[in-house]
Number of protein chains: 2
Amino acid sequence: MLISTVVDVSGILADPLRFRIVDLLANEELCTCHLVELTGAKQPTISHHLKVLRDAGIVSSEPVGRNTYYRLRAEALQSYALMVSEIADRAAGATRDRLPCL
Amino acid sequence: MLISTVVDVSGILADPLRFRIVDLLANEELCTCHLVELTGAKQPTISHHLKVLRDAGIVSSEPVGRNTYYRLRAEALQSYALMVSEIADRAAGATRDRLPCL
DNA sequence: ACGTAGTATAAATCTATGTTGATATCAACC
DNA sequence: GGTTGATATCAACATAGATTTATACTACGT
């Protein structure tokens, strides 16, 4: 599923280990074994999170020999950041009036 | 607690109802009763989410008579959006080289 | 001071999901 | 073709957190 809403992407960034993976992939492409090494997490755990990230379109994967390399899709993160930013903009420009209670 | 990390704020935006509250507050200040009306959720549920949002510094509250009005803190959302955006920027400028496996 | 309305808190329940151990898949090398 | 190494999937378990019912708090009106 590629249609990711703000709620969906937020949920994905909400897990510490998954965010760590995103942060690591922001620097360079890495394969599963690297991420296992760098995070100290078990391999099935990493694979699970990578699947979540891939299904949401936040990372892309490419098999290289026996390994699978993962790359962060910057556009996906940017579009998410933009959506959040637009909500903030709306709030900044909102009226100061208060809706009275019934 | 006011020191909100990316993971924390992400977790807060990850709940559909809580995001709905944030989205509604982006337009205007509202009190608890309004949010109960607009969302159809039970009052304790709304109060709970408002507490979470307030503890994270995403909304501020002001008592007005028997009511409590809530306001979205645009700066908080903007700073979060910026942090996410910076990660995306890092990814966009990252090297295409792949770290070899050991 | 009492009753009422709006809101907040507490305890209990339920659901979603992260983690784990075991196993399956799949490519490379002999 | 069989073995090995890397990764993915599966089932079971554990935990975090959202929702609910009940209750407490607080300000206003009479």
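Chain letters run A, B, ... following the sequence lines, proteins first and then strands; every chain starts at 1.
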Among Glu28(B), His34(B), Glu62(B), which one satisfies side-chain hydrogen bond (donor to acceptor under 3.5 Å, both in side chains) with Arg98(A)?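 Option passing the side-chain hydrogen bond (donor to acceptor under 3.5 Å, both in side chains) with Arg98(A): Glu62(B).
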
Side-chain heavy-atom pair Val64(B), Thr68(B) within 4.5 angstrom cut-off: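 Val64(B) does not reach Thr68(B) side chain to side chain.
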
Do Leu25(A) and Leu30(A) make a side-chain contact, defined as non-hydrogen atoms from C-beta onward lying under 4.5 Å apart?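 Sidechains of Leu30(A) and Leu25(A): in contact.
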
For [N] and [X] - does any side-chain N or O of the residue sit under 4.0 Å from the phosphate oxygens OP1/OP2?
X: Thr32(A); N: dA8(D); result: yes
X: Thr68(B); N: dA8(C); result: yes
X: Asn67(A); N: dT7(D); result: yes

Could you tell me how far apart [X] ([atom1]) and [N] ([atom2]) are, to the nearest whole angstrom?
X: Gln43(B); N: dT7(C); atom1: CD; atom2: C1'; answer: 5 Å
X: Asp55(A); N: dA8(D); atom1: CG; atom2: P; answer: 12 Å
X: Arg98(A); N: dG6(C); atom1: CZ; atom2: C1'; answer: 16 Å
X: Leu30(A); N: dA6(D); atom1: CG; atom2: C1'; answer: 15 Å
X: Glu62(A); N: dT7(D); atom1: CD; atom2: P; answer: 14 Å
X: Leu53(B); N: dG17(D); atom1: CG; atom2: P; answer: 14 Å
X: Ile46(A); N: dT9(D); atom1: CD1; atom2: C1'; answer: 16 Å
X: Arg54(A); N: dA8(D); atom1: CZ; atom2: P; answer: 6 Å

So, [X] versus [Y]: side-chain donor-acceptor pair below 3.5 Å or not?
X: Ser85(B); Y: Gln78(A); value: yes
X: Tyr70(A); Y: Thr32(A); value: no
X: Ser47(A); Y: Gln43(A); value: yes

Let's go through Asp15(A) and Arg20(A) carefully: what are the C-alpha distance in whole Å and the side-chain angles of both, what is the deciding distance for salt bridge (Lys or Arg N to Asp or Glu O under 4.0 Å) to 0.1 Å, and is it a yes or a no? CA-CA 9 Å; Asp15(A) 182 76; Arg20(A) 181 92 196 287; over 6 Å; no

Gap between atom CZ of Phe19(B) and atom OG1 of Thr5(A) - 0.5 Å precision: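 If I round to the nearest 0.5 Å, the distance is 6.0 Å.
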
From CD (Glu86(B)) to CE (Met83(B)), nearest 0.5 Å: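 Taking CD in Glu86(B) and CE in Met83(B), the distance rounds to 8.5 Å.
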
Angle by which the axis turns from one end of the helix from dA1(C)-dT30(D) to dC30(C)-dG1(D) to the other, five pairs per end, to 10 degrees: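 Here the helix ends are tilted 20° relative to one another.
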
If you check every side-chain atom of Tyr70(B), which of dA8(C), dG6(C), dT9(C) has the closest atom?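 Ranking dA8(C), dG6(C), dT9(C) by closest atom to the Tyr70(B) side chain puts dA8(C) first.
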
Of the listed nucleotides dT9(C), dG6(C), dT9(D), the one nearest the side chain of Ser47(A):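 Nearest to the side-chain atoms of Ser47(A), counting from C-beta on, is dT9(D).
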
Nucleotides 16-19 of chain C: which of its N/O atoms have a protein N/O under 3.5 Å away?
from	atom 1	to	atom 2	distance (Å)
dG18(C)	OP1	Arg18(A)	NH2	3.1
dG18(C)	OP2	Arg18(A)	NH1	3.1
dT19(C)	OP2	His49(A)	NE2	2.4

